[in-house]
Amino acid sequence: MWRSITVFVILGLVSLPIVKGMRFDIKTGATKCITEDIQSDSLSVGKYTIINPDQDYPLPDSHRITVRITSPLGNNCHYADLKEFGDFAFTAYEDGDYMACFWVAKHNPSTTLTIEFDWRSGLAAKDWSKVAKRGQLEMMELDLKKLFDTIAIIHDEMYYLREREESMQILIRSTNAKMATFSFFSLIVCLAVAAMQLWHLKTFFEKKKVI
């Protein structure tokens with residue numbers, strides 16, 4: 001039964017649309033950034049273009065964007081300056097959030113550009129139509145290859161989550177140890193202050209000959 005459920009879940013994951021495509025507006029002089037969580041050793045591809053509202057006329061030279069994609073540690077993965085369209089491809093060497101920032105130069109009068117952005121990572125970065133055409137694979141073979149790659153990604157994701165859980169457990173144990181040490185010294189300080197107060201009160205009353 002559990003094997004059937006597992007196969008059903010994996011087949012469902014294969015059929016899910018895991019392509020990150022979007023369209024957004026950006027004003028001149030402004031910057032818009034988009035993040036994507038990518039695992040290390042994963043392929044990431046994408047493309048971007050400025051939508052021309054009037055297809056009969058080309059875009060003016062002022063309608064250009066600057067694109068920069070950086071890794072979690074701030075390393076450049078892609079950079080393009082004053083482009084109407086472009087594409088990129090890189091292999092992630094760091095785990096975490098990769099950031100794609102779009103910037104439009106400021107000019108007068110101000111205007112708004114519409115950007116179409118398609119960003120794929122991991123399994124979605126593979127062009128399965130080219131794979132099928134190149135190898136002349138049958139549909140069942142192609143589905144099995146997709147399933148195999150999906151299982152490999154799930155396997156890597158489980159190890160990645162396990163590593164993150166272990167690091168969080170180490171952090172929790174370290175925090176608990178520090179809190180216990182802090183509580184112990186706080187108790188000692190409180191007892192010392194209480195003892196000093198009792199000694200001060202006793203000395204005061206003895207001087208006043210109350211006790």
Side-chain angles (χ1 to χ4, degrees), residues 13-107 110-137 139 141-143 145-154 156-157 160:
L13 289 172
V14 172
S15 62
L16 285 176
I18 50 180
V19 178
K20 189 174 184 179
M22 64 184 68
R23 182 177 291 191
F24 57 88
D25 296 332
I26 181 172
K27 292 184 178 180
T28 54
T31 302
K32 183 176 182 64
C33 294
I34 299 167
T35 60
E36 174 79 358
D37 187 14
I38 305 176
Q39 294 185 29
S40 61
D41 298 327
S42 296
L43 177 64
S44 183
V45 299
K47 57 183 178 179
Y48 48 87
T49 183
I50 303 175
I51 303 300
N52 190 352
D54 191 352
Q55 298 295 333
D56 296 331
Y57 298 94
L59 287 170
D61 294 336
S62 59
H63 287 49
R64 297 292 185 269
I65 57 175
T66 298
V67 184
R68 183 190 300 272
I69 301 177
T70 56
S71 69
L73 297 181
N75 299 318
N76 279 337
C77 300
H78 173 75
Y79 178 78
D81 189 25
L82 301 178
K83 297 292 184 179
E84 180 181 344
F85 58 87
D87 52 29
F88 60 88
F90 63 88
T91 300
Y93 293 104
E94 305 164 12
D95 288 323
D97 290 332
Y98 284 71
M99 182 177 296
C101 291
F102 298 82
W103 177 75
V104 182
K106 187 176 182 180
H107 66 88
S110 178
T111 186
T112 300
L113 302 183
T114 300
I115 311 297
E116 189 172 70
F117 183 41
D118 184 15
W119 194 358
R120 312 180 184 196
S121 300
L123 183 64
K126 290 189 176 181
D127 191 342
W128 291 104
S129 61
K130 291 183 179 179
V131 173
K133 184 177 180 180
R134 183 173 62 248
Q136 296 298 322
L137 299 176
M139 289 303 298
E141 292 175 328
L142 183 60
D143 290 338
K145 185 168 179 59
K146 287 183 180 180
L147 184 61
F148 177 79
D149 287 348
T150 303
I151 293 173
I153 289 177
I154 294 174
D156 293 340
E157 181 72 17
Y160 173 68

Inset, instruction - List the steps, then state whether side-chain contact (heavy atoms from CB on, under 4.5 Å) holds for Y57 with N52. - result: CA-CA 8 Å; Y57 298 94; N52 190 352; 5.8 Å; no

Legend entry - pair Y48-W119: side-chain heavy atoms closer than 4.5 Å: no

Inset, instruction - To the nearest 0.5 Å, tell me how far M99 CE sits from T70 OG1. - result: 6.0 Å

Inset, instruction - Give me the ring orientation class for F117 and F24: parallel if the planes are under 30° apart, tilted from 30 to 60°, perpendicular past 60°. - result: perpendicular

Inset, instruction - Using the test side-chain contact (heavy atoms from CB on, under 4.5 Å), find all partners of D25 that sit at least two apart in sequence or belong to another chain. - result: T112, T114

Legend entry - Between CG on residue N75 and CD1 on residue I69, distance to nearest 0.5 Å: 13.5 Å

Legend entry - Residues that D54 engages under salt bridge (charged side-chain N to carboxylate O under 4.0 Å, His left out), provided they are two or more places apart: none

Legend entry - Contacts of E157 that satisfy side chain to side chain donor-acceptor pair (under 3.5 Å) - sequence neighbours left out: Q39

Legend entry - Any donor-acceptor N/O pair, D118 side chain to M22 backbone, under 3.5 Å: no

Legend entry - Nearest-0.5 Å distance that lies between atom CD1 in I38 and atom CZ in R120: 14.0 Å

Legend entry - For the student: nearest non-hydrogen atoms of K47 and F88, plus distance: N-CE2, 4.1 Å

Legend entry - Heavy-atom neighbours of F85 CZ exceed 12 at 6.0 Å: no

Inset, instruction - Please name all residues satisfying side chain to side chain donor-acceptor pair (under 3.5 Å) with S42, sequence neighbours left out, ordered by chain then number. - result: none

Legend entry - Any side-chain heavy-atom pair of T49 and I115 under 4.5 Å: no

Legend entry - Side-chain touch S121/E36, heavy atoms, less than 4.5 angstrom: yes

Inset, instruction - Give a yes or no answer on whether the side chain of D95 reaches the backbone of S40 with a donor-acceptor pair at less than 3.5 Å. - result: yes

Inset, instruction - Mind checking side chain to side chain donor-acceptor pair (under 3.5 Å) for N76 and listing every partner two or more places apart, or none if nothing turns up? - result: R68

Legend entry - Flag side-chain contact, heavy atom, 4.5 Å: K27 against V104: no

Legend entry - Non-neighbouring partners of Y93 that pass ring pair (Phe, Tyr, Trp, His ring centres under 6.0 Å), sequence neighbours left out: none

Inset, instruction - Taking side-chain contact (heavy atoms from CB on, under 4.5 Å) as the test, write out the residues that go with K83, two or more places apart. - result: A80

Legend entry - Test item: F102 and T31 side chains (from C-beta on) under 4.5 Å apart, heavy atoms: no

Legend entry - Residues that P53 engages under side-chain contact (heavy atoms from CB on, under 4.5 Å), provided they are two or more places apart: L59

Inset, instruction - State, with a plain yes or no, whether a side-chain heavy atom of T111 is found less than 4.5 Å away from one of H63. - result: yes

Legend entry - For D81, all residues meeting side-chain contact (heavy atoms from CB on, under 4.5 Å), sequence neighbours excluded: T66, Y79

Inset, instruction - Looking only at non-hydrogen atoms, find the nearest pair between R64 and E84 and report the distance. - result: CD-N, 3.7 Å

Legend entry - Distance, nearest 0.5 Å, that separates OG1 of T28 from CD1 of I26: 9.0 Å

Inset, instruction - Find out whether I50 and I65 are in side-chain contact, i.e. whether some heavy atom of one side chain is under 4.5 Å from a heavy atom of the other. - result: yes

Inset, instruction - Mind checking side chain to side chain donor-acceptor pair (under 3.5 Å) for S71 and listing every partner two or more places apart, or none if nothing turns up? - result: E94

Legend entry - Heavy-atom pair of closest approach, residues A92 and Y98: CB-OH, 3.2 Å

Inset, instruction - Give every residue pair that meets the disulfide (SG to SG under 2.5 Å) criterion with at least one member in residues 69-107, sequence neighbours excluded. - result: C33-C101

